[in-house]
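First the structure, in the form of structure tokens, and then the observations on it.
This one's a predicted model, so the numbers in the text were calculated from it and none came from an experiment. Counting from 1, the numbers follow the sequence of the chain as shown.
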Amino acid sequence: MIARGVMLGADQPVILHMLDIPPAAEALNGVKMELVDAAFPLLKGVVATTDVVEACTGVNIAVMVGGFPRKEGMERKDVMSKNVSIYKSQASALEKHAAANCKVLVVANPANTNALILKEFAPSIPEKNISCLTRLDHNRALGQISERLNVQVSDVKNVIIWGNHSSTQYPDVNHATVRTPAGEKAVRELVADDAWLNGEFITTVQQRGAAIIKARKLSSALSAASAACDHIRDWVLGTPEGTWVSMGVYSDGSYNVPAGLIYSFPVYCQNGEWKIVQGLTIDEFSRKKLDLTAEELSEEKALAYSCLS
């Protein structure tokens with residue numbers, strides 16, 4: 001997708017830097033061969049390496065898909081300490097060798113807290129340049145609404161994912177609209193089923209990753225890759241007027257979310273920068289959901305910091 005121009009536009013040449021662990025070096029080289037064989041006009045070079053410094057040197061955009069997955073019988077603390085060491089070394093390499101205004105997107109779980117660790121160990125990368133992926137959840141929410149209403153997904157906009165990329169996230173449709181022949185209508189009005197919107201819709205989006213693992217025996221691949229491209233494209237090229245998207249970004253205290261967490265907010269982007277959408281009304285049901293996911297993120301942060309010492 002990146003080599004085809006899906007991420008950065010059809011006229012932006014790219015050099016791909018791909019990093020993997022030494023046991024995967026041969027497979028990585030196979031990917032490089034395929035990229036060469038695809039003869040993408042925009043692809044001006046491929047660096048396939050197991051050396052983190054070589055991978056990070058000069059990069060403008062870093063998409064961090066590597067992390068240590070939780071395995072059966074593992075405690076959260078075990079996963080966290082493995083990821084702390086991975087993100088510590090990658091953060092240091094980006095800090096020293098990436099381009100000055102490098103934008104970082106963390107995909108690997110626990111994505112919000114991995115992004116926080118990365119920020120901790122790459123202090124010269126501005127906090128506004130570090131984000132985590134909740135666009136997959138955002139896209140899942142759009143997909144569920146479009147299916148429910150039997151409308152084009154491109155006609156649905158401004159759903160919000162609040163909080164953690166975990167099962168405590170809060171998919172919120174209170175400000176979402178659908179383009180209809182009679183103009184824009186509120187999702188809640190069109191669905192006309194609050195029990196579904198406040199119940200099954202939320203749990204479906206929260207549990208969608210697990211449902212895909214159950215069905216495919218593998219975690220989300222294409223949808224996650226597509227969401228990562230969407231996230232970077234909107235960040236770099238801007239969101240359409242009047243449309244916002246969900247990004248895990250550094251909290252400044254907006255919506256009473258504790259500052260210093262990486263938390264998913266509704267944002268709009270222009271000139272390569274994101275800004276949190278301000279002034280949305282938060283009802284009591286939503287407030288509880290926002291606080292619950294913030295609480296989990298505060299616990300994760302404390303756990304991660306305990307692994308640092």
Side-chain angles (χ1 to χ4, degrees), residues 1-2 4-10 63 105 107 111 131-163 165 167 169-216 218-249 264-270 274 277 280 286 289:
M1 286 176 174
I2 297 168
R4 272 194 179 282
V6 173
M7 182 185 273
L8 293 167
V63 181
L105 166 60
V107 177
S131 64
C132 82
L133 188 72
T134 54
R135 183 59 173 269
L136 177 53
D137 310 295
H138 180 98
N139 288 349
R140 285 167 171 163
L142 292 174
Q144 289 302 307
I145 296 299
S146 97
E147 290 219 310
R148 176 78 178 196
L149 293 173
N150 197 19
V151 296
Q152 292 291 321
V153 73
S154 53
D155 287 335
V156 187
K157 70 174 191 182
N158 296 354
V159 298
I160 302 167
I161 302 296
W162 297 99
H165 174 62
S167 58
Q169 62 174 260
Y170 172 43
D172 174 6
V173 297
N174 289 327
H175 310 278
T177 60
V178 178
R179 189 165 53 214
T180 74
E184 286 199 351
K185 299 267 196 240
V187 163
R188 207 169 264 285
E189 181 192 327
L190 290 175
V191 171
D193 185 346
D194 283 352
W196 182 78
L197 284 172
N198 292 346
E200 193 188 329
F201 163 74
I202 291 174
T203 51
T204 298
V205 176
Q206 288 173 335
Q207 305 290 343
R208 188 68 164 187
I212 286 170
I213 290 172
K214 192 163 179 257
R216 267 183 23 105
L218 294 163
S219 53
S220 314
L222 176 68
S223 55
S226 183
C229 285
D230 290 345
H231 176 112
I232 297 286
R233 186 190 61 240
D234 286 342
W235 192 1
V236 172
L237 302 177
T239 44
E241 185 71 36
T243 300
W244 62 67
V245 294
S246 303
M247 279 172 71
V249 297
S264 182
F265 288 98
V267 304
Y268 62 94
C269 307
Q270 53 193 151
W274 54 265
V277 176
L280 300 175
S286 301
K289 298 278 189 197

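To the nearest 0.5 angstrom, Q144 atom CD is 5.5 Å from T204 atom OG1. The distance from atom CG of N198 to atom CG of D193, rounded to the nearest 0.5 Å, is 9.5 Å. From Q270, atom CD reaches atom CG of D234 across 12.5 Å, with rounding to the nearest 0.5 Å.
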#### Entry: Residues R208, N139; criterion side-chain hydrogen bond (donor to acceptor under 3.5 Å, both in side chains); working and verdict
CA-CA 11 Å; R208 188 68 164 187; N139 288 349; over 6 Å; no
### Task
Begin with the C-alpha distance, continue with both residues' side-chain angles, and end with the deciding distance and a verdict on side-chain contact (heavy atoms from CB on, under 4.5 Å) for L197 and I145.
CA-CA 9 Å; L197 284 172; I145 296 299; 3.9 Å; yes
### Message
Is there a side-chain contact (heavy atoms from CB on, under 4.5 Å) between I161 and Y170? Walk through the geometry before answering.
### Response
CA-CA 6 Å; I161 302 296; Y170 172 43; over 6 Å; no
### Worked verdict on S220 versus R140 for side-chain hydrogen bond (donor to acceptor under 3.5 Å, both in side chains)
CA-CA 11 Å; S220 314; R140 285 167 171 163; 2.9 Å; yes
### Message
With side-chain contact (heavy atoms from CB on, under 4.5 Å) as the criterion, how do H138 and S264 come out once you've worked through the C-alpha distance, each side chain's angles and the decisive distance to 0.1 Å?
### Response
CA-CA 10 Å; H138 180 98; S264 182; over 6 Å; no
### Task
Please report the C-alpha distance between V191 and R148 in whole Å, then the side-chain angles of each, then the deciding distance to 0.1 Å, and finally whether the side-chain contact (heavy atoms from CB on, under 4.5 Å) criterion is met.
CA-CA 8 Å; V191 171; R148 176 78 178 196; 4.3 Å; yes
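Annotation: side chain of T243 is in contact with side chain of N158 (closest heavy-atom distance under 4.5 Å). Within the 4.5 Å cutoff, side-chain heavy atoms of W235 are placed close to those of W274. Annotation: side chain of Q169 is not in contact with side chain of T134 (no heavy-atom distance under 4.5 Å). Side-chain contact between L105 and M247: absent, with no pair of heavy atoms (C-beta onward) separated by less than 4.5 Å. Counting only heavy atoms from C-beta outward, the side chains of E184 and V178 never approach each other to under 4.5 Å. You'll find the side chain of V107 stays beyond 4.5 Å of the side chain of L136, heavy atoms only. Side-chain contact between W244 and T239 is absent, with no heavy atoms from C-beta onward closer than 4.5 Å. Side-chain contact between M1 and L222: present, with at least one pair of heavy atoms (C-beta onward) separated by less than 4.5 Å.
Taking the six-membered ring for Trp and thresholds of 30 and 60 degrees, F265 and W162 have ring planes more than 60 degrees apart, a perpendicular arrangement.
Residues C132 and H231 come closest through the heavy atom pair O-CE1, 3.6 Å. Minimum heavy-atom separation, Q152 to S146: C-CB, 4.2 Å. In plain terms, the two heavy atoms of A221 and R216 that are nearest each other are CB-NH2, 3.8 Å. In this structure, I232 and L8 approach most closely via the heavy-atom pair CG2-CD2, 4.0 Å. Looking at every heavy atom in both residues, L237 comes nearest to G9 through CD1-N, 4.3 Å. Across all non-hydrogen atoms, the minimal contact from P266 to L280 is CG-CD1, 4.0 Å.
Side-chain atoms of N174 and S286 include a donor-acceptor pair closer than 3.5 Å.
For F201 and W196, the ring centers are positioned less than 6.0 Å apart.
Salt bridge D172/K289: absent, no basic N to carboxylate O contact under 4.0 Å.
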